[in-house]
Amino acid sequence: MSTNSIATQQTEALRVWLDQTNGILRSVIAVAVLLVLWVSLEPFAAAKIAAGGESSDGGNIVNQIGFTLIFAATFMGCILLVPVATVVRLLSFSWIAMLALLAGSVVYAPDPDAAIRAYLFTLFGIVSAAGLVVLPRQADDFSRLLVIAGSVVIALSFAGVILLPQAAIHQGGEVEAQHSGLWRGLFTHKNVAGPVMAAIAFAGFYLWRRGWKWSGFLIGIAACIFVYKSGSKTTAALVPIAVLLVAGFGAAGVRSVGAFAVALAIFGIHALTVGTAFVPLFDDILRTFNETVTFTGRTEIWNFAKDFVFARPWTGYGFDGFWDTATTDNAERYFDQEWNPRSIVHGHNGFLDIALSFGLPALLVSIWLIIIAPAVAYARTLKTRENQLMADFFFMIVAFTGMNAALESFYFSRADPVWLTLVIALFGLRMTNRFVVRTQ
């Protein structure tokens with residue numbers, strides 16, 4: 001054997017080793033990041049929060065250091081291990097514009113220092129979640145990521161229900177005593193547990209469709225059981241709707257119609273919820289179905305917030321600058337209100353809170369980012385089986401969270417696992433209409 005032949009074999013062996021090492025490092029980083037985003041650095045913190053302790057939203061030193069390290073690991077992993085062209089093609093002007101608007105909102109916040117911290121951790125979360133889309137090199141790597149992270153979340157949550165019920169189950173002595181007995185697992189609230197478990201259920205369906213029958217089935221069923229036990233009727237109702245809207249039209253071969261149907265459903269549910277506080281026609285339509293519906297008092301919150309939106313339409317009140325601040329503390333409360341707006345931590349509608357915090361320009365950009373752009377991306381998914389299955393999974397998350405945001409608020413909410421799961425889906429849809437997803 002010639003010297004050149006030996007050198008060629010050694011070079012090829014080194015190339016294979018480097019390629020395998022690259023794949024392993026990318027997968028390890030991805031698993032670590034998703035576990036932190038879903039499990040957090042303080043699982044089962046609900047009991048402490050209910051007792052008046054610090055929240056786990058990034059406001060203490062553990063989360064500040066932890067999420068900074070996760071951001072750094074994701075950023076360096078994408079820079080050093082992922083082709084530059086792949087990362088660059090995921091960027092978009094609308095995301096840059098949105099992040100700029102969020103940064104500008106810091107100026108208008110009543111506590112600029114706290115607003116800067118909130119912005120930075122929101123940025124760290126977005127970058128970390130977006131990185132999860134490009135770190136797995138192929139569909140099998142992505143599937144293993146979902147199996148590992150989903151299994152850990154489910155196992156810890158069920159273990160918590162059995163071994164730490166005071167933390168994993170809502171208790172009667174807490175502020176929201178009406179939730180007593182409902183499961184929240186390792187999360188802070190049932191309204192976080194339900195949506196995250198819904199996303200894991202979608203992951204199980206995706207795995208099953210890919211041929212990972214047992215892992216997909218077990219993860220999907222366990223997640224659905226947890227959704228049911230969380231007592232979130234909205235989540236339980238929206239999960240099958242999201243699956244049918246996406247998979248149904250996809251199976252019929254009319255993905256563009258499915259994209260339009262999801263966007264229409266999201267716009268429609270927002271029009272008949274928060275929209276009723278702003279447009280009398282929407283309220284009239286809603287009242288033809290139910291004259292007394294208040295969405296558990298949420299209509300009072302939306303009517304209270306309406307005037308504040310119009311008071312500062314261009315800038316909003318800044319990052320974390322409206323709810324639970326002097327603005328709401330000093331507001332007048334009518335004696336017959338079911339909810340006291342001075343004690344509310346968010347507006348129970350995602351887009352309403354964007355308008356209040358960042359202004360109407362940011363609201364318009366966010367509507368493009370969260371509803372229209374992903375629908376367009378989904379309709380343009382590359383016509384390979386792996387691309388379409390993965391796009392279906394991501395679009396189910398978009399459909400579900402978009403409709404769920406009509407009654408809950410989590411958009412641009414720092415380390416909120418529901419928000420970060422949506423970010424993964426938004427960037428995932430950008431990927432599935434730009435790159436061919438490899439099987440192995």
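All of these numbers come straight from a predicted model, not from anything done at the bench. Start at 1 with the first residue, then count along the sequence.
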Show which side-chain atoms of residues 263-273 pair as donor or acceptor with protein atoms under 3.5 Å away, not counting sequence neighbours.
| unit_1 | atom_1 | unit_2 | atom_2 | d |
| --- | --- | --- | --- | --- |
| His270 | ND1 | Asn349 | ND2 | 3.2 |
| His270 | NE2 | Gly402 | O | 2.9 |
| Thr273 | OG1 | Ile269 | O | 2.7 |
| Thr273 | OG1 | His270 | O | 3.2 |

If you look only at distance, which donor and acceptor atoms sit under 3.5 Å apart when one is on a side chain in residues 108-117 and the other is two or more places apart or in another chain?
| unit_1 | atom_1 | unit_2 | atom_2 | d |
| --- | --- | --- | --- | --- |
| Asp111 | OD1 | Asp113 | N | 3.4 |
| Asp111 | OD1 | Ala114 | N | 3.3 |

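In the model, Asn290 has a side-chain atom that pairs as donor or acceptor with a side-chain atom of Thr292 under 3.5 Å. A donor and an acceptor atom, one from each side chain of Ser409 and Trp323, are nowhere located under 3.5 Å apart. Counted by atom type alone, Arg184 and Ser230 present zero donor-acceptor pairs between their side chains at under 3.5 Å.
Applying the side chain to side chain donor-acceptor pair (under 3.5 Å) criterion to Trp212, with sequence neighbours excluded, gives no partner residue. Residues that satisfy the side chain to side chain donor-acceptor pair (under 3.5 Å) test with Arg434, not counting sequence neighbours, are absent from this structure. Considering only residues two or more places apart in sequence or on other chains, Thr235 meets the side chain to side chain donor-acceptor pair (under 3.5 Å) condition with Ser232. By the side chain to side chain donor-acceptor pair (under 3.5 Å) test, Thr299 pairs with no residue at all, sequence neighbours left out. Taking Ala223 as the reference, Ile154, Met197, Ile200, Ala201 meet the side chain to side chain contact (heavy atoms under 4.5 Å, CB included) condition, with sequence neighbours excluded. Leu164 meets the side chain to side chain contact (heavy atoms under 4.5 Å, CB included) test with Phe44, Gln166, Ala167; sequence neighbours excluded.
For residues 355-377, the pairs satisfying ring pair (Phe, Tyr, Trp, His ring centres under 6.0 Å) are Phe319-Phe358, with sequence neighbours left out. Counting only residues at least two apart or on different chains, the ring pair (Phe, Tyr, Trp, His ring centres under 6.0 Å) pairs with a member in residues 408-434 are Trp95-Phe427, Phe351-Tyr411, Phe412-Trp419. Evaluation of the side-chain hydrogen bond (donor to acceptor under 3.5 Å, both in side chains) test over residues 306-322, restricted to residues two or more places apart or in two chains, returns Asp320-Arg414. Every pair passing side-chain hydrogen bond (donor to acceptor under 3.5 Å, both in side chains) that includes a residue from residues 387-401 is listed here, sequence neighbours excluded: Arg209-Asp392, Arg255-Asp392, Tyr378-Asp392, Thr384-Asn387.
A salt bridge is absent between Asp284 and Arg287; no separation between the charged side-chain nitrogens and carboxylate oxygens falls under 4.0 Å.
The number of heavy atoms from other shown groups lying within 6.0 Å of CZ (Phe278) is above 12.
Closest heavy-atom contact between Leu360 and Ala355: CD2-CB, 4.1 Å.
Checked against the 6.0 Å centroid threshold, Phe124 and Phe121 count as a close aromatic pair.
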